[in-house]
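Notes follow the structure.
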Amino acid sequence: MEYNFQQIEQDSKKRWEAQQVYKVNNTSSRPKYYVLDMFPYPSGAGLHVGHPLGYIASDIFARYKVMKGFSVLHPMGFDAFGLPAEQYALETGQHPAVTTEKNITRYKEQLDNIGFNYDWSREVNTSDPQYYKWTQWIFLQLFKSWFNRDTQKAESLDTLIAIFEKEGNAGHAAPGNDTGTFTAEAWQAMGESDRRHILMQYRLAYLDHAVVWWCEALGTVLANDEVVNGVSERGGHPVERKKMRQWFLRITEYADRLIDSLDKLEWSEAMKEMQRNWIGRSEGAELSFTTTGGQKIAVFTTRPDTIFGVDFLVLAPEHELVSAITTPEHQAEVTQYVTYVKSRSERERMAEKKISGCFTGAYCLHPLSGRKIPVWISEYVLAGYGTGAIMAVPAGDDRDHAFARHFDIPVTNIFGDLYTGEAAVSDKNVTITDSDFISGLSVKDAAAKVLETLEAKSLGTRRINYRLRDAGFSRQRYWGEPFPIAYKDNVPYAIDEEALNLPEPMRRLPLELPHVEHYKPGPEGEGPLANVTDWVLVTNNDGEIVKRETNTMPGYAGSSWYFLRYMDPGNQQEFASKDSTDYWNQVDLYIGGTEHAVGHLLYSRMWTKVLYDLGHLSFDEPFKRLVNQGMIQGSTRYVYRINGTHTFVSQGLKDQHLVDQIRVDVSMVDGVELDTEAFKGWRPEYANAEFILENGKYICGSETEKMSKSKYNVVNPDDIVAQYGADTFRMYEMFLGPIEMSKPWDTKGIEGVHRFLKKFWRLFYDEQKGWIVTEEAASEAELKVLHKTIKKIESDTERFSFNTVVSQFMICVNELTDLNCHKRGILDALVRLITPYAPHMAEALWQQLGNEGSVIHALFPEWEEKYVTENSKVYPIAINGKPRTELEFALDAEEAFIRAEVLANEAVQKWLEGKEPKKFIYVKGRMINVVV
RNA sequence: GCGGGUGUGGUGAAAUUGGUAGACACGCUAGACUUAGGAUCUAGUGCUGCGAGGCUUGGGGGUUCGAGUCCCUCCACCCGCACCA
């Protein structure tokens, strides 16, 4: 009986289905283990072979943990809100819910095809009102909370209001800092609107203004993705930066905690480093400069010690003071420059090597020396970072130096001989010179003294600055969670607030997305919801018209907490019961790509901390251990058409002609050999193609690039599974290389793994004789092979080295085949061992071996020390570090004995050429080196 | 520009602590069995040399008895950069 994977996989799936083997309860006497995959956005293109890489790894690990006796939660769901579905709706008129549903069905089929052990009864879908009800609920928790810097945690606004009533806000400056201070009396005297305005400065979810890409022609706001080369991707219309009112999450308040608790996570250092850099904590000072016209300009600097080296100030072109300080004679130039910068993205501005800028005509007076300092604007200063203004010290900063050079601004040297006039001195272990009262001091001492002096004059304060910005949380789109917010007299309220006095049904969550006639943007850059007047404008119990929020939430809203919903997906009363979150607790293993390093992972961490602070969770970090998977790249194939003809020349001969390089669909290529008939049928213009072959074959060129439809290099897992089976596919993806590494897909290579599975099968079945498993006792050699393998598989699985696991299985099967072993004593353990990797085949063999129940719940085999310890070692003998021969010695042999034996050896003698060895190095169990 | 990562045969890779570089596969070459082979099996396969040997882990330098692994330096490629998710 041969390895009929189609039949086997179908039978195994049926058995699992019937026995509901993947269902997991929220109570168990077993220890728990939570394995999580980054859930997919169900795009219309379906899964390609790159997507399941991480899923296979987590599936293997989840199965392994089950067999090790854990109660394992391994769920899957869909991040179903998003731009592509809406874009598709805009083009075709199909409701995003409909296309999303269709895509999800397809994804589930594809996933099931690969044989994942998901408990589908826990599936979540972020666009399901029963799911986003809780996304909205969490948003309201954020809206109704503030971050108490004294306690370093989120608290209900009630505690803040109590403080205001008692003592005003003197002890609790607003994070946004534009409220000023007020007393308890002042607070009590305030009207509702003023109070709410002040509270907005504290809320964790708050309204402010942000700059977005605005496209006049399309009448809409565009995502960065949709702006290509300074024009809209659709239509190529001009775009500009526009300030709009937006929701934000005050993640900056959590900056320190987000940095500090990284220490307790088992993430790669690289990943932690990316998060730290993204948060970008820097300690420095905010200093105040005053223009000759009396305007105060605040600058942030990490080097207050260089204050006497300030030669000019630079403001971000969009800085609010720019128009006020610009002198009439520089007005035209400044306006022109500001217009230019408005058309530029932040990325372009940061990456720009060309120096540009513009003098405003204004001067400041140096706060300590009183020197007159010109004020410039330039795109290299960003409005969103620090105060949007810097003090430029060309002697000590590369970019400032380049700027000064470019505009011929004289440079003040404050580093003595270290500064040569050629380049800035960025070294921090230096002595400051020519700087009044800090001359001769170290950087650290000088900075402290400057701060002291400026603080005394109220011209500066110590300040910790973060690169991290508060997260923009609204989108002018349809296909996202509606905000449970409505405006009365332009003041925002949560829909359940008494002040709004909405009729009871309107106060409840979820606030569902209304049906729309079309997906076109609303007026004034508002989202499509703004067009649904009878949804937007509602009448409250007092007969007043209130206006609903027309923005929707961004993609990361639903994905910031989905791992919690899996714990208790059907709960109608809470986002998840405390019992369930206490039981499953943190995600023990999270597998996903590095592209989420700073977005999703940071937001999820913040949300978890907020829910923890507010008492809804008993842990404050969501993902204990994180493993990053690499990408599977596409392998593109090319054909070469001789210029202006229908003749295609094989790759090896292409240099003899002038050719066009054309991508062809990989499905028409076997390895690198083109199926010329299929190619002729691919497109009408190739119907009459002629070929110049080499050795009777048309050989394609190839290149590794991103797997994408447009490059014709997409490989669908369904096709691979149909041809080789899910078990082969799973093991091959693992065999490709280390999980965290990117690597190109090569369908050709899968044969080796498929052959291995067939060979594995032949340990049990003979093509002629059928079942050949015997009851004979296993030999010492066979037991050695088995236990060595168990040990290796276990340790490699634990360290996610799945590629070497597959190799070890191959080695094991090769050795057992050589030993002609068909013994139950060996094979029964081997079947359990391979279950996480090739579950379908394992189940079939497990049943045939006559075992009770499913192999899914069998125990992972254990290895015994006595079979894996060696008592001798074949040592490589090196002369001067170069291996020359080998000799076997017992591991407990005396060094003196070994030395004598080695030196007496013929081959060693030959290399010694009669000389006395200078040194004899013996590393037990490793090697022997003779130095001459 | 900033941040992170990766460079080993024709290809995917292995080498877990500084100790035999290239395990395991793909591909290729030759052969066996077979009506057939896109099944299976056997042998070979880093480069170079008739050979003894020499060379070889992106380039250059260093530490060491010994370096793919540690240090310095240079280069190339990939990913992210805040409205794709």
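Letters go in sequence order (proteins before strands), and every chain restarts at 1.
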Could you tell me whether [X] contacts a base, only the sugar-phosphate backbone, or nothing, with contacts defined as non-hydrogen atoms closer than 4.0 Å?
X: A:P738; answer: sugar-phosphate
X: A:P876; answer: base
X: A:H600; answer: nothing
X: A:A597; answer: nothing
X: A:V874; answer: base
X: A:Q275; answer: nothing
X: A:Y556; answer: nothing
X: A:E886; answer: base
X: A:Q476; answer: base
X: A:N814; answer: sugar-phosphate
X: A:R399; answer: nothing
X: A:W213; answer: nothing
X: A:G599; answer: nothing
X: A:E733; answer: nothing

Of A:V931 and A:P84, the one whose closest RNA chain B nucleotide lies more 5':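 First, find each residue's nearest nucleotide; the 5'-ward one identifies A:V931.
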Pairwise 5' ranking along RNA chain B for A:K759 and A:E273, keeping only the more 5' one: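 Whichever sits nearer the 5' end wins; that is A:E273.
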A:K919 and A:N929: side chain donor to acceptor below 3.5 Å: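 Checked: A:K919/A:N929 side chains show no N/O donor-acceptor pair below 3.5 Å.
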Using a 4.5 Å cut-off on heavy atoms from C-beta on, say whether the side chain of [Y] contacts that of [X].
X: A:V231; Y: A:V239; answer: no
X: A:Y732; Y: A:H754; answer: no
X: A:E481; Y: A:F81; answer: yes
X: A:K743; Y: A:L53; answer: yes

With A:P42, the side chain to side chain contact (heavy atoms under 4.5 Å, CB included) member among A:L47, A:T99, A:I104: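 Among A:L47, A:T99, A:I104, the one that satisfies the side chain to side chain contact (heavy atoms under 4.5 Å, CB included) with A:P42 is A:I104.
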Is a donor-acceptor contact shorter than 3.5 angstrom present between the side chain of [X] and the base of [N]?
X: A:Q246; N: B:rC83; result: yes
X: A:E226; N: B:rC84; result: no
X: A:K792; N: B:rU16; result: yes

Is any side-chain N or O of [X] closer than 4.0 Å to OP1 or OP2 of [N]?
X: A:R475; N: B:rC83; value: yes
X: A:N224; N: B:rC81; value: no
X: A:R467; N: B:rG3; value: no
X: A:R926; N: B:rC65; value: no
X: A:K910; N: B:rG53; value: yes

Please determine, for the side chain of [X], which listed nucleotide ([options]) has the closest atom?
X: A:N929; options: B:rU20, B:rC83, B:rG66; value: B:rG66
X: A:T804; options: B:rA15, B:rA82, B:rG27; value: B:rA15
X: A:N277; options: B:rG12, B:rA85, B:rG4; value: B:rG4
X: A:M274; options: B:rG12, B:rG4, B:rG53; value: B:rG4
X: A:R755; options: B:rA82, B:rG19, B:rG27; value: B:rG27
X: A:N803; options: B:rA82, B:rA13, B:rC55; value: B:rA13
X: A:L83; options: B:rA14, B:rC84, B:rG27; value: B:rC84
X: A:A223; options: B:rC83, B:rA21, B:rU40; value: B:rC83
X: A:D796; options: B:rU16, B:rU20, B:rA82; value: B:rU16
X: A:E751; options: B:rG38, B:rG27, B:rG19; value: B:rG27

Rounded to whole angstrom units, what separation is found between the [atom1] atom of [X] and the [atom2] atom of [N]?
X: A:Y603; N: B:rA85; atom1: OH; atom2: P; result: 11 Å
X: A:M741; N: B:rG4; atom1: CE; atom2: P; result: 18 Å
X: A:L887; N: B:rU20; atom1: CG; atom2: P; result: 16 Å
X: A:L763; N: B:rU40; atom1: CG; atom2: P; result: 14 Å
X: A:M271; N: B:rC81; atom1: CE; atom2: P; result: 13 Å
X: A:E767; N: B:rG37; atom1: CD; atom2: P; result: 16 Å
X: A:Y88; N: B:rA85; atom1: OH; atom2: P; result: 18 Å
X: A:N103; N: B:rA85; atom1: CG; atom2: C1'; result: 14 Å

CD (A:E91) with more than 12 external heavy atoms under 6.0 Å: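 Result for CD/A:E91: enclosed.
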Exercise: identify the closest heavy-atom pair between A:T100 and A:A85: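 Scanning both residues, the minimum pair turns out to be OG1-CB, 4.0 Å.
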Under the 3.5 Å Watson-Crick or G-U criterion, the dot-bracket string of RNA chain B, with | for inter-strand pairs: (((((((..(((......[....)))((((((.......))))))(((....)))..(((((..]....))))))))))))....
Backbone of A:F248 reached by a side-chain donor or acceptor of A:D470 within 3.5 Å: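 Side chain of A:D470 to backbone of A:F248, a donor-acceptor pair under 3.5 Å: no, none is there.
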Under 3.5 Å donor-acceptor, A:Q909 side chain and A:L903 backbone: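 Pair found, side chain donor or acceptor close to backbone of A:L903.
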Whole-Å P distance, B:rG68 and B:rG7: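 So the two P atoms sit 15 Å from each other.
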Whether A:Y837 and A:F809 hold their rings parallel, tilted or perpendicular, with breakpoints at 30° and 60°: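 Geometry flag for A:F809 against A:Y837: perpendicular rings.
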N-glycosidic conformation, B:rG51 - syn within 90 degrees of 0, else anti: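 Anti.
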From CA spacing to verdict: ring-ring contact (aromatic ring centres under 6.0 Å, His included), A:W247, A:F473: CA-CA 5 Å; A:W247 286 95; A:F473 199 68; 8.6 Å; no
